[in-house]
Structures are given as structure tokens and as C-alpha cells.
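Bear in mind the structure is a predicted one, so any value in this text is a computation, not a measurement. The basis for the numbers below is simple: all heavy atoms, side chains too, and nothing from hydrogens, waters or symmetry mates. Just so we're on the same page: letters track the sequence lines, and every chain starts at 1.
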Amino acid sequence: MPENLAKFCPGCGYPITLLMLNKTLEKLGIQKQAVLGLDIGCALLAWNFLPINTFQTHHGRVVPTMMGFKRARKNSLCVALVGDGGAYAIGLQSLIHAAKRDEPIMVIVTNNTVYGMTGGQTAPTTLNMQITPTSPQGNIEEPFFGPELLKGIVKEGAFLARTAVNEPKQLMEYLEKAIQTQEVGHFSLVEVLSFCPTNWKTVGTQTIDKLNGLKNVFKLGEL
Amino acid sequence: MNNNRKFLYGHELVVQACLDAEAEVMYGYPITPTCEILSGWIATGKPSLQTEDEIAAGFAVCGAVLAGQKAFTASGGPGHILLQDGMSMAEGMRLPFVIIVGQRGGPSSGTVIYSQQEVMLACFGGNGEGLRLVYSPATSRELYELTRQAFNDAWQYRFPAIVLTDGYLLKMRSGINLAEIKIENVPAHQLVPEDKIVHWPNIYTMEEELNEQINLAQKDWDEISPPIAKAEILETADAEILLIAHGIVGAAVKEAVKQLRKSGIKAGYFRPITLRPFPKKDLDNLFMKDNLKKIIVIESSSGQLARIVREQLAPEIAVGFEYLQKPGLGIEVEEIIDFIKNN
Ligand SMILES: Cc1ncc(C[n+]2csc(CCOP(=O)(O)OP(=O)(O)O)c2C)c(N)n1
Ligand code: SF4
Ligand SMILES: [Mg+2]
């Protein structure tokens, strides 16, 4: 159960990922070792959400922070929760190098195709021709595929996957695999396609339709 | 001759000080004049990582100290700028983050060995109030001692700390007997404990919440400032002019004051050893009598130390100021003497 009430917008995908994470930790009996580092983005709203050690970092900096933590406390289970902007734009350099060095940390990337926290601006994951406050004529770029990019960089034993908040079984399975990957000393990244009704300006089934549409562009599954 | 005396480079003394402080890990990215600190630390076989940039080094240090490990980094110039990102998180969360800064000439890539131009960056380079400890060593021995002290004060008082030195001191070799120096270590502790759950924000919804945090930190800072703030003060009882300098320029000024005294000039010497907190009381107290007529601030920058001195000196103290400023250049004893004699 969450420790405190969610501060996420109604219908946001983040709490689904977080509750699933918590459930997985509970199931594996490792809540006590878990340390959740939050990037600045809507992930920051989770600072007191789960009954596990949690702290906020800076935008794009949660990966090197959790690397420093994990190297200092080897028996901890280090989880970095980060948005697509934090992971694939400002923090990409650190993400690539953490993956390349096979840092035994678990990165959960919330792909909502926008900069949620700052009002829905263009993110590396924004679809081609998607309209955002910083792409008023539609995004001229193609979206960025994080797990696919890392595939050519990671070492044997790393775990890379993409799922969605409305795929609870797969989400839980991947979170569990990512945790097990860390336990045997490897890097993992799970990208989660996630609802952002506030910035998508969608209601009800529109939000679900939009998310399901994203699955045609961002392929779900293990890499 | 004591056979414990060794000839060591400044960077070797830094590495030795970090080892003796029981630092467990260094994260760093090569930049002159601090490359030898990184390679020297790696050569000890202690845990280390050459990161992809200084930003990652800074945040890795933050992560390590959150887990309770004594960690540090070293850099200068453009790398020091990038480290201010992690330093800002450390200032906000009161993390015992330690950086050894080897100042080099700026702005931009500037020159690579020497300046005193990173004073403002070290003291006030964050998006906050500058609640970080900044030490400025003048000698090799002090470089060692203040590095030890930086770890101790950071872990005891929970403020980030910078040892602000330069490439001249780091590349200088001098005889030193470390066995003579007795400093007890303040142990590290887990900031995110294993046996308790913490929920730790650094961004606040309410402006009042942040304001409260800043006020609490400021209160602690004001309490610890008197015991930490330190200066070296000489020949001030009857001095008419007070020479103020820090770091290795301070060492040159000290020698200049000796020689000026020999030629009958009533010069006094004030060297802040800590730039943050600044030894304000020590400076103000020199003006209890009214022998001092003039302050001369001498530095290898266009006035970064002078700004701090003017700001810290009690406003009711009326005294003239003069400046000897050579941004990015070393300052010799003779030119200090000439400057004083011709002014
Ligand atoms: C260095 C820095 N630049 C910019 C910001 C402002 N900022 C906060 S969150 C954010 C974007 C968040 O987007 P994303 O990482 O995708 O996370 P989301 O909110 O969508 O989950 C930005 C640009 C910041 N906090 N720090
Ligand atoms: S802005 Fe979007 S991602 Fe952020 S809390 Fe609201 S719905 Fe969730
Ligand atoms: Mg996003």
C-alpha cells in the first residue's frame, strides 16, 4: 500500500508503475534493501509515496547518483525512476555510460512522450508531427528508442525491455526480471509507456486509445 | 634531521590526506591541474571511477555519501563549473560532499595551472546562499591539513566542502613530516539508513517549506561559523596598512610583510584560511584600535577576494582600500614590496 496519497494528476500512469514496483518488491521480500532515487520530472512526486527509502535528485542526474549509492552499498537494491526527458535528453550521457559499464542499477523510464512536469513540451520520445508547446507546428523529429539504442552497448546479462502501464502482467514480470538482473550484478532498464492525460489533453478512453496507439511505434517486449 | 620527513608533491599530499581521512572512493574526470589527484588515488588501489564527465562525478559523490561512504572528487576551471550541479544538490540536502579544486585561469578554458579566479564559483557558485565550506591553503602542509579538515567538517556539520587550491601548490614539492600531524577523523554515517525508512525531498511545493529549510540551514551555519572560520594574522598591533591575501599569494604576502617591517614600514598581515565562513570577527577586531589606515587586498584575480572582504567588514569601520590585482598571474614577494613602497 502507498505510504501517502499520490500527488499525481488523476489518471496519471506513474502511480501504476510505482504500485507495481512496490508489489514486486513485497513479493520478493526485498522492500528493506530497496532504495528509490527520483529524477526531477513527475517522478519527483513519488518522494513519499512508497514505504521504501526514497530521495529526489536533479533532472537528468538520478542515474549517476544511484550508481554512487549502489557502489557504496552493494547489498542495496537501487532503482532510478526517471522520465523520458531525464533519461534520453539531459541524462543520456550518464545513462549510456552506466549501461556500458554494466552498473548494477535498475532504471525505470516513464515514456509519456512529453515533458510532463514542465507543461508537455517536446521530449526525445515525442512522435513525429505531435504538437506540443515547443513544437506548435508538429514535431519534425522522429522519436527516440532508448532500449533499442542501449542494446548495442550493454554487456551480456543486462536486461532491456519496454512495456506499458496497461499491461500489468508484463510490467510486473519485467520489473521482477530487472530486480533479478541487479541481484546477479547487471544493468537493467525498463521503459514504461505511461498515461499523461494532463498534457495529452485526453479524457477517459481517449487516454487509453492514445497509449495503445503508442504501442505501434514503441514495440513492447524484451530486447 | 627527522627521517620521517618526505618530499612530496601537493597532489601526493592531497591523496595522502584523503586516505588518512578514511575516504573510501573518488569519482573524477581528468583536468589539469588535478589529473594527478585522480591518477594518484587510482594508484592506491582504492575504489574509484573515471566518470563520463564531472556532472556524473559530482552526483556519484552525492549517491555515495547518501549511502554513508566518504567520497570526493577533484577538478578545476570548466570542470569545477560542472561540479556545481552536484554541489548545489549537496548544498540543498546538506550532503558531506568534498571537492578539491585546483584553480586554473579563466574564463573559459583559460590557462591550465594557476589563478585565484574560482573564489566566487567556489563560494557562491550555486543557485542558493553559498552555505558551503571553502578552505584556501597557503602551504603544502596546510593543503594536507585542510583536506583532512574538509572531510571532518563536512561529515560533522553536514555542509559540502571545497579545498580551493591551485596548480602551483599541487605541483610544488616540499619536505613534510606527516607523522607530526595528528588529526582525528570524524566517522561517516549513513544518511539513508538501512534500518529506517527516509523520504527525502529537495524540491518543495510550498515556498514557505523551502524558506524554512534555508532558515534552518542558515541557523546551523551561523552557529558553526565561529569555530570553523580561521585566519592567519601577523604584525597587526601597530600596523598602519593591512595586507590581505589568501592561498599561495598569502604565503608571498607574509614574506613581503617581514621584509617591509625590516625597512620600517608598518605593515600587518591578514590571511583568511577559510573563505566560507569568512573569519569576519578576526578582521573586525583588528579595527578596535585606530592604528590601521588602509587595507590592501592582493590577489591573482580582478577582485574576487576584495569583494568578499568589503562585504564582510563591519559597515561602521571606515578604512581606505587599495588593490594589487593580477588576474591569472602569480604574484612575487618583490612586486608586493614595490607596490607597497610606491603607494
Ligand atoms: C537542469 C534542469 N533543466 C530543466 C529543468 C526543468 N525541468 C523539470 S522536469 C523537466 C522535464 C521532465 O520531463 P521528463 O523527464 O520526461 O519527465 P516527466 O515529467 O514527463 O515524467 C524539466 C525540463 C530542471 N529541473 N533542471
Ligand atoms: S503531468 Fe502527466 S505525468 Fe505528470 S503527474 Fe500529471 S498526468 Fe502524470
Ligand atoms: Mg516525460
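For B/Tyr144, the OH atom counts as densely surrounded, since its 6.0 Å shell holds more than 12 non-hydrogen atoms of other residues, nucleotides or ligands. Counting heavy atoms of neighbouring residues, nucleotides and ligands inside a 6.0 Å radius, atom CG of B/Asp222 exceeds 12 of them. When the shell of 6.0 Å around NZ of A/Lys210 is examined, it contains more than 12 heavy atoms from other residues, nucleotides or ligands.
With a threshold of 4.5 angstrom between heavy atoms, B/Asp195 does not approach chain A through any atom at all. For A/Leu36, no part lies near chain B; criterion is any non-hydrogen pair under 4.5 Å. For a residue to count as touching a neighbouring chain, one of its non-hydrogen atoms must lie under 4.5 Å from one of that chain's; by this rule A/Thr57 touches chain B with backbone and side chain alike. Residue A/Ile52 touches chain B through its backbone alone, counting heavy-atom pairs closer than 4.5 Å. Within the 4.5 angstrom heavy-atom criterion, only side-chain atoms of B/Ile55, from C-beta onward, approach chain A.
Your options are A/Arg101, A/Met67, A/Lys100, and the one with the most heavy-atom pairs under 4.5 Å with chain B is A/Arg101. Per-residue heavy-atom pair counts under 4.5 Å with chain A were compared for B/Gly86, B/Pro193, B/Ala57, and the maximum is reached by B/Pro193.
In this structure, the separation between SG on B/Cys62 and CZ on A/Arg61 is 11.5 Å, given to the nearest 0.5 Å.
B/Thr205 places none of its side-chain heavy atoms less than 4.5 Å from the side chain of A/Lys7. For the pair A/Thr65 and B/Leu66, the minimum side-chain heavy-atom distance is below 4.5 Å. A heavy-atom distance below 4.5 Å is not found between the side chains of B/Leu191 and A/Phe55. The shortest distance between side-chain heavy atoms of B/Glu52 and A/Ile96 does not fall below 4.5 Å. Between A/Asn53 and B/Glu194, the closest side-chain pair of non-hydrogen atoms is not below 4.5 Å. Using a 4.5 Å cut-off on side-chain heavy atoms (C-beta onward), B/Val25 and A/Arg71 make no contact.
Contact record, B/Trp200 with A/Trp47: N-CE3, 4.1 Å, taken as the closest heavy-atom pair. Minimum heavy-atom separation, B/Ala67 to A/Ala72: CB-CB, 3.7 Å. Taking every heavy atom of both residues into account, B/Tyr27 and A/Gly68 meet most closely at OH-CA, 3.8 Å. Taking all atoms of both residues into account, the shortest heavy-atom contact from A/Glu103 to B/Leu49 is OE2-CD2, 4.2 Å.
Between the side chain of B/His199 and the backbone N or O of A/Ala46 there is no donor-acceptor pair closer than 3.5 Å. Checking side-chain atoms of A/Gln56 against main-chain N and O of B/Ile203 turns up a donor-acceptor pair under 3.5 Å.
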